[in-house]
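Numbering of ligands and ligand atoms starts at 1, following listing order. Sequential numbering from 1 along the given sequence is applied to the chain's residues.
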Amino acid sequence: MNYFFGVIGYPAKHSKSPWIHNHFLKQNGNEGIYRIFETPEEELPELISALKTVKVDGFNVTVPYKEKIVDYLDELDPYAELIGAVNTVHVKNGKWIGYNTDGKGYVRSVKEAFPNKDITKMKALIIGAGGAARGIYRALVEESLPSVDLCNRTLERGRGILQLNNSVTKSNLLSLQEAEVQLGQYDLIVQTTSVGMSPNSSEQILSLQNVNQQAIVSDIVYKPFETSLLKDAKQKGANILHGHGMLIYQAALAHEIWTSQTIQAEELLEKFKHQLKGEELC
Ligand code: ATR
């Protein structure tokens, strides 16, 4: 099989996706290429027409097209439809089918990093209420956790996300200040905003003064490799989970959709960690 994959976005030229997917192609003994289609918005319709005429097997969609791409699809996976955003398109028998693997990628990164901890028994807190929070909220709810609370600077924005709950999971909406006070009750904390992202790496969205030492504190920001929040969590004796895992596992899930082959992502996770740390030293 000779695959043709790619990623659509703007900007996208520094995307790590070609590196990740080329590794997955090689791992499973497949031939293929993965191209970056960096396209400004006014050229998107042209790019879509071009992709419809060539034999593309699938592509990723990144900022700012995760919602816009829906207009060009033939079908939408129910999870992507609920989230209202697509990060993976599979071209199957000529049909464009949209998926979203971001939130599920996060959940898989937690399970792989902490195989002895049972995620389904955890009380979770999501920090932030953007697109990433939306996907992670729904993915955690689908795991039937006892509770998944959400805190955000703007409370109103969080309300819409809690409506994605269709299970036994309980949810409360909190301000950042309320979350700081109640932090000790959570087993899993996930920071989903861009606060702390390079070059503003000294920023931290909330204080971890009350964090439980048994808790897992995770940040989906992977630049810097270890954010201020994670350094703080480590210093307070909590478990930490770096953001590069979500990136690798959302890609692994996309690759599995495209090829129907299983991906072992652990080796790549380690390589990616070294690459990110190396870039920080440059
Ligand atoms: P994405 O879709 O990539 O997740 P987004 O939609 O821009 O990103 O959402 C950004 C999130 O980061 C929001 O939760 C935002 O809080 P508000 O809803 O109050 O705007 C949060 N955020 C961004 N900058 C922040 C800051 N300096 N302090 C606190 N929260 C911040």
Within a distance under 4.0 Å of any heavy atom of [X], pick out the atoms of ligand 1 and give their elements.
| X | value |
| --- | --- |
| A129 | 13 (C), 14 (O) |
| I205 | 29 (C), 30 (N) |
| V195 | 24 (N), 25 (C), 26 (C), 27 (N), 28 (N), 31 (C) |
| G128 | 14 (O) |

Closest non-hydrogen protein atom to [atom], residue and atom name please, with distance?
| atom | answer |
| --- | --- |
| atom 1 (P) of ligand 1 | G131 N, 3.5 Å |
| atom 9 (O) of ligand 1 | G130 CA, 3.4 Å |
| atom 16 (O) of ligand 1 | N152 OD1, 3.3 Å |

* **Nearest candidate to atom 11 (C) of ligand 1, where distance is taken over non-hydrogen atoms, out of T193, I126, I136** => T193

* Nearest option to atom 10 (C) of ligand 1, as decided by whichever heavy atom of Q191, Q204, R157 sits closest -> R157

* Taking S147 for its side chain and K170 for its backbone only, find out whether a donor-acceptor pair lies under 3.5 Å. => no

* Is N87 reaching over with its side chain to a backbone N or O of N60, donor-acceptor style, under 3.5 angstrom? -> no

* Distance-only polar pair, side chains of Q191 and D219, donor-acceptor under 3.5 Å -> yes

* **No-hydrogen, no-angle side-chain donor-acceptor test under 3.5 Å, S218 and Y106** => yes

* To do: Specify whether the nearest protein heavy atom to atom 3 (O) of ligand 1 is under 4.0 angstrom away.
  => no

Part of [X] within contact of ligand 1 (heavy atoms, under 4.0 Å):
| X | result |
| --- | --- |
| T154 | both |
| R153 | both |
| V63 | neither |

* Think K271 forms a cation-pi with W19, using NZ or CZ under 6.0 Å from the six-ring centre and within 45 degrees of its axis? -> no

* Asked: If you measure from the Lys or Arg side-chain nitrogens to the Asp or Glu carboxylate oxygens, is any gap between K68 and E41 under 4.0 Å?
  -> yes

* If you measure every N/O of L176 against every N/O of ligand 1, is any gap under 3.5 Å? -> no

* Relative to the ring of F5, is the ring of H255 parallel (under 30°), tilted (30 to 60°) or perpendicular (over 60°)? -> perpendicular

* **Separation of W258 CH2 from H90 NE2 (nearest 0.5 Å)** => 9.5 Å

* To do: Could you pull out the closest heavy-atom pair between E226 and K234, with the gap in Å?
  => OE2-NZ, 3.0 Å

